[in-house]
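One structure is given below, encoded as structure tokens.
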Amino acid sequence: MADRITVIGWDGTPLTEAAGAALAAATLVAGAPYQLSALPVPDAAERITLGNVQQAARRIAEHRGAAVVVAEGDPGFFGVVRALRRPEYGLELEVLPAVSSVAAAFARAGMPWEDAQVVSAHGGRLRRAANICRAHPKVAVLTAPGAGPSELALMLRGVHRTFVVCEALGTPDEDVTVLTSDRIADHVWRDPNVVLVIGGNSGGPQSGGVGAAAGWLAGRPVGFPGADRGWALPGDAYAGAGRAGDEPGASGALPAHVRALVLARLGARPGDLVWSVGAGSGALAVEAARFGAAVVAVEASRSACARLAVNARRYGVEVETVHGQGPEVLGGLPEPDAAVVESGGLDVVRAVLARRPERFVALPRTLAEAEKVHRAIAEAGYRADGALLQSTPLLAADGDGGGGLALGAGGTGVLLLWGEQIA
């Protein structure tokens with residue numbers, strides 16, 4: 001192993017005294033071509049282009065002498081330090097960071113960023129990065145070749161956002177461009193770049209948006225935790241819940257304990273896209289969004305869509321609402337990771353299953369419908385299961401809450417089916 005290994009973060013500004021001394025003493029220097037040409041690398045030092053980090057790490061492990069690895073910004077933040085620290089290389093590092101590219105990008109934009117989500121599109125994660133941008137009002141995306149601003153904007157078709165594209169930060173060619181997402185794909189962008197994706201439901205104090213009050217937890221999920229602790233909240237926590245005429249399968253009429261099991265089976269998490277079909281007033285959709293998932297809610301009733309928007313604003317989350325019904329409205333939606341059919345029937349169930357979400361939940365209205373849905377889930381290649389959930393409220397027997405308990409009227413039974421893809 002090299003006698004000394006120093007990882008230098010460089011943001012284009014003059015090197016610190018410690019970084020300059022480490023570079024001057026190096027017998028091996030690894031970095032990007034522009035870094036190796038711009039920095040004072042000793043003439044006698046071996047130079048390694050830092051394209052394949054694994055190959056560079058193996059070469060450094062074999063080297064005898066002082067090795068320096070030059071990286072952009074803060075190499076410990078989505079940077080080379082993680083790869084170099086893998087146990088198979090046995091490398092001990094001294095890290096001299098500079099300002100991270102994310103911090104520099106927000107500085108160029110003049111924005112705070114403790115409330116931002118930071119994601120990397122490297123390693124084939126562009127779709128998950130786009131889902132984070134759907135779900136959150138302030139996101140920094142570390143792009144990659146083939147997963148840059150244009151590709152990200154295409155993934156976000158129909159979702160209005162402002163892009164702040166920061167190209168070649170810290171170099172003489174640095175450029176910062178602000179465009180709406182519909183214009184991003186018309187440009188050719190240079191690598192490396194960082195993209196800030198801004199917009200959406202950023203008006204409330206829980207949203208983490210540009211005008212939000214200062215928080216205390218960096219990168220906190222929007223809407224959770226918030227003023228209303230927990231999830232599977234009571235029905236009256238949502239506008240329009242339990243309205244007269246709601247179908248039993250509509251989310252506004254679902255008891256809280258049923259919503260809790262639906263959410264558990266969906267397993268919504270940041271980076272996922274969840275469909276809620278037949279979403280009603282949106283209790284399930286909003287609660288899935290409070291877990292950090294991107295959510296598309298499909299609902300045939302315009303009044304229910306309006307109530308859903310009110311509920312999303314109340315909890316400071318992003319829910320994309322699509323007005324329509326039946327299988328035909330699903331064709332233009334982005335691919336789901338999880339989906340729930342709250343109402344709509346067997347044809348809608350089959351149309352959703354055809355899009356191959358990893359997890360699927362349905363709320364049939366009758367036992368006969370449940371049998372057909374269970375068969376459809378199994379035939380689509382899922383491990384199918386289900387339950388009939390029944391509950392009866394408990395009331396204070398003496399009416400003032402100070403004595404015994406009695407069973408209340410209005411007990412409910414709800415059929416619930418779910419499926420997970422068979423590996």
Side-chain angles (χ1 to χ4, degrees), residues 1-108 113-114 118-123 140-145 166-176 190-194 218-219:
M1 185 177 69
D3 300 322
R4 178 184 175 191
I5 305 168
T6 306
V7 183
I8 298 174
W10 188 49
D11 56 9
T13 60
L15 295 175
T16 64
E17 181 178 348
L23 187 61
T27 55
L28 181 151
V29 180
Y34 79 92
Q35 294 168 330
L36 296 177
S37 62
L39 292 171
V41 178
D43 292 338
E46 178 184 352
R47 299 181 179 218
I48 298 176
T49 300
L50 198 60
N52 187 310
V53 177
Q54 288 73 30
Q55 290 182 2
R58 286 192 289 268
R59 178 67 191 96
I60 292 169
E62 298 168 353
H63 182 72
R64 307 306 303 177
V68 165
V69 178
V70 183
E72 294 177 16
D74 183 349
F77 185 70
F78 284 97
V80 71
V81 168
R82 179 174 296 279
L84 293 176
R85 289 280 298 179
R86 288 171 59 173
E88 59 263 37
Y89 305 131
L91 303 179
E92 295 294 331
L93 311 176
E94 178 185 6
V95 181
L96 304 175
V99 175
S100 76
S101 57
V102 173
F106 277 108
R108 302 297 189 274
W113 65 285
E114 78 281 352
V118 182
V119 296
S120 172
H122 291 250
V141 182
L142 300 169
T143 62
C166 302
E167 302 173 274
L169 285 171
T171 74
D173 298 324
E174 177 181 305
D175 195 15
V176 178
R190 294 170 295 153
D191 292 322
N193 62 66
V194 177

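- The closest donor-acceptor contact from the side chain of Arg108 to the backbone of Val176 lies at 3.5 Å or more, if one exists at all.
- Distance check, rounded to the nearest 0.5 Å: CG of Leu91 to CG of Leu84 gives 6.0 Å.
- Of all non-hydrogen atoms in Pro97 and Val95, the two that sit nearest each other are CD-O, 3.5 Å.
- Defined by atom type and a distance below 3.5 Å, a donor-acceptor pair is missing between the side-chain atoms of Asp173 and Thr171.
- Here the CD1-CD distance, from Ile60 to Glu46, works out to 9.5 Å after rounding to the nearest 0.5 Å.
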Exercise for review: Could you please spell out the steps behind the side-chain contact (heavy atoms from CB on, under 4.5 Å) verdict for Val194 and Leu142?
Suggested key: CA-CA 5 Å; Val194 177; Leu142 300 169; 4.0 Å; yes
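- A parallel orientation is assigned to the rings of Phe106 and Trp113, their planes being inclined by less than 30° (bins at 30° and 60°).
- Results of the side-chain contact (heavy atoms from CB on, under 4.5 Å) test with Val69 over Leu93, Val81, Ile48, Val80 single out Val80 as the only residue that passes.
- Heavy-atom minimum distance, Ala104 versus Leu169: CB-CD1, 4.1 Å.
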**Study point:** From CA spacing to verdict: side-chain contact (heavy atoms from CB on, under 4.5 Å), Val70, Leu50
**Key:** CA-CA 9 Å; Val70 183; Leu50 198 60; over 6 Å; no
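- Interatomic distance, Leu28 CG to His63 NE2, rounded to the nearest 0.5 Å: 5.0 Å.
- Although no hydrogens or angles enter the test, the distance criterion places no donor-acceptor pair under 3.5 Å between the side chain of Ser101 and the main chain of Gly73.
- Residue Leu96 holds its CG atom at 6.0 Å from OG1 of Thr6, rounded to the nearest 0.5 Å.
- Within the 4.5 Å cutoff, the side chain of Val102 has no heavy atoms near those of the Phe78 side chain.
- To the nearest 0.5 Å, atom CD of residue Glu167 and atom CG of residue Asp191 are 9.0 Å apart.
- Counting heavy-atom neighbours within 6.0 Å of Glu17 CD, excluding the residue itself, gives a total of 12 or less.
- Residues Trp10 and Leu15 form a side-chain contact, since some pair of their non-hydrogen atoms from C-beta on lies under 4.5 Å apart.
- Taking both residues in full, the closest heavy atoms of Val141 and Ala121 are given as CG1-CB, 4.3 Å, listed atom of the first, atom of the second, then distance.
- By the neighbour-count criterion of 12 heavy atoms within 6.0 Å, atom CZ of Arg58 is densely surrounded, having more than that number from other residues, nucleotides or ligands.
- Pro42 and Ala24 get closest at one heavy-atom pair: CG-O, 3.5 Å.
- The shortest heavy-atom contact between Ala26 and Ala45 is O-CB, 3.6 Å.
- Atom CZ of Arg59 is surrounded by more than 12 heavy atoms from other residues, nucleotides or ligands within 6.0 Å.
- Summarising the geometry of Gly9 relative to Pro75, their closest heavy-atom pair is CA-CD, 3.8 Å, with the distance given to 0.1 Å.
- Between the Ser120 side chain and the His122 main chain, a donor and an acceptor come within less than 3.5 Å of each other.
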